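Read the structure below first, then the notes.
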Amino acid sequence: MRIAHAELRWVRMPLVAPFRTSFGTSYDRDTIVLRMVTDEGAEGWAECGAEIDPLYSEEWLDGVDLVLRDHLLPRLVALGDEVTAARVKPALEPVKRHFMAKHLLETAVLDAELKSARMPFATYLGSVRERVPAGVSVGIMDAHADLLAAVAGYLDAGYVRIKLKIEPGWDIEPVRLVRKEFGDIQLQVDANTAYTLMDAQHLARLDEFGLLLIEQPLREDDLRGHAELARLIRTPVCLDESITSARDAATAIAMRACSVINVKPSRVGGYLEARRIHDVAAANGIPVWCGGMLETGIGRAPNLALAALPGFVLPGDTSASARYYTQDITAPFELDADGCIAVPGGPGIGVDVLNEVLAGFTDRVVPLSV
Ligand SMILES: O=C(O)CCC(=O)N[C@@H](C(=O)O)c1ccccc1
């Protein structure tokens, strides 16, 4: 197929509550949505996982906009009529890294291609479940009482797993209080690289709480440190920022730097690489789960399809739309009575974009030359 039209939409959506991590606090969700139309009239959508500032990873929205327009899209357009999702990664290979920008293009092409084929993401990726259990991510709070109230609310809503953001000064005590208040719920923590190997003895104090995992305790480029830490603590080490490809996953597993992997399609360049990571992990007996980047329904829908693959055996950060937004730009995703969310069954990402709602949250539209 050929790309006949493409545009970037800069979107800003208010969050229902501030979301604080070890690298900052978000009050709104700024993102870029890519809309693509093929010569066959198929519309492909994708949502960027990058942040407004390069604090989660080295990518950020302005950088994605620029590298996509000037370096990535021209390479894709050069494929002419031969554009397919499988050809995106090879065509963009000469550009180093920029995985979140590459994910945007590959996902929009895949959405358009699957819509033309009338095939859902779930079928194409190899999903084996119709619904997936929903976990929820709980930010760092100002007070313990606020944390306990938030966790109580999410448990009442039906979430089957709680993830607490931690950082030095907000770790042992919050976890102890949540364990004491709510018993043996499925509980894990996410440090977003906030610690160093010198904190190993301190982090070992989390072992008594029977956590599912500790996510990305050390710097994203410190596989050796994670392998050493994994020998010093009992809580399973999960990697997020460190894993940007199936090769990274194979290396981290071989080095015993992790025993769980958080898979995020936007971090690794798209759903095809996300599936490769799933396959490498499965081949090594390593469980994976689907991470989140506060996606709207445009990103949440294909993430749910990915989370339904066989190796995704831990609840992911695939929360309901209402976790972050009062109004989503697709029909809202909601938990069922079992704390699960249905995997979209329509062609492509399987959800329709609410164009008027999207227009209301759109700051500007950047037409792309194709
Ligand atoms: O539920 C969600 O979509 C967010 C889950 C979450 O905590 N994401 C974290 C992370 O490090 O995994 C994050 C938050 C904000 C920005 C980047 C990443």
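Since this is a predicted model, take the numbers as computed values, not measurements.
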Hey, quick one: are [X] and [Y] part of the same hydrophobic cluster, counting side-chain heavy atoms closer than 4.5 Å, chains of contacts allowed?
X	Y	answer
Leu61	Phe361	no
Val343	Val313	no
Leu239	Leu306	yes
Leu8	Val353	no
Leu105	Val366	yes

For the side-chain hydrogen bond (donor to acceptor under 3.5 Å, both in side chains) test, which of Gln186, Glu215, Gln188 pairs with Lys163?
Glu215
So among Lys264, Arg161, Arg300, which one has a side-chain hydrogen bond (donor to acceptor under 3.5 Å, both in side chains) with Asp317?
Arg161
What do the steps show when you test Val83 against Arg2 for side chain to side chain contact (heavy atoms under 4.5 Å, CB included), and what is the final call?
CA-CA 6 Å; Val83 175; Arg2 170 184 292 271; 5.8 Å; no
Do Lys102 and Glu59 sit within salt-bridge range, that is, some charged N less than 4.0 Å from a carboxylate O?
no
Arg35 and Glu43 ion-paired at < 4.0 Å
yes
Please tell me if the side chains of [X] and [Y] come closer than 4.5 Å, counting only heavy atoms from C-beta onward.
X	Y	value
Leu148	Val178	yes
Ser127	Leu309	yes
Met13	Gln327	no
Leu177	Glu181	no
Pro217	Leu203	yes
Leu164	Leu147	yes

Going by the ring-ring contact (aromatic ring centres under 6.0 Å, His included) test, which pairs reach into residues 295-320, not counting sequence neighbours?
His278-Phe312
Could you check whether atom [atom1] of [X] has more than 12 heavy atoms from other residues, nucleotides or ligands sitting under 6.0 Å from it?
X	atom1	result
Glu93	CD	yes
Glu130	CD	no
Asp39	CG	yes
Asp156	CG	yes
Asp70	CG	yes

Please determine whether side chain to side chain contact (heavy atoms under 4.5 Å, CB included) holds for the pair Leu15 and Tyr324, giving the CA-CA distance in whole Å, both sets of side-chain angles, and the decisive distance to 0.1 Å.
CA-CA 5 Å; Leu15 294 174; Tyr324 295 106; 4.0 Å; yes
Could you tell me which residues satisfy side-chain contact (heavy atoms from CB on, under 4.5 Å) with Thr21, sequence neighbours excluded, listed by chain and number?
Phe19, Phe23, Lys165, Asn192
Just by modelled atom types, is the [Y] backbone N or O under 3.5 Å from a matching donor or acceptor in the [X] side chain?
X	Y	answer
Arg29	Leu294	yes
Arg87	Glu82	yes
Arg205	Gln201	no
Thr31	Val11	no
Asp207	Thr235	yes
Ser26	Arg20	no
Glu295	Met293	yes
Glu47	Thr296	yes
Ser321	Phe333	yes
Arg267	Asn262	yes

Tell me, please, which residues at least two apart from Tyr159 pass ring pair (Phe, Tyr, Trp, His ring centres under 6.0 Å).
Tyr154
Quick one: do Leu213 and Leu314 satisfy side chain to side chain contact (heavy atoms under 4.5 Å, CB included)? Show the steps, please.
CA-CA 10 Å; Leu213 54 92; Leu314 291 171; 4.1 Å; yes
Testing the basics here: between Ser242 and Arg219, what is the closest heavy-atom pair and its distance to 0.1 Å?
OG-O, 4.0 Å
Determine, stepwise, if the pair Leu187 / Phe209 fulfils side chain to side chain contact (heavy atoms under 4.5 Å, CB included).
CA-CA 9 Å; Leu187 183 61; Phe209 301 115; 5.7 Å; no
Does a donor on one side chain and an acceptor on the other come within less than 3.5 Å for [X] and [Y]?
X	Y	value
Glu241	Thr193	no
Tyr56	Asp240	yes
Ser245	Glu273	no

Cation over ring face, Arg275 and Tyr124, 6.0 Å, 45°
yes
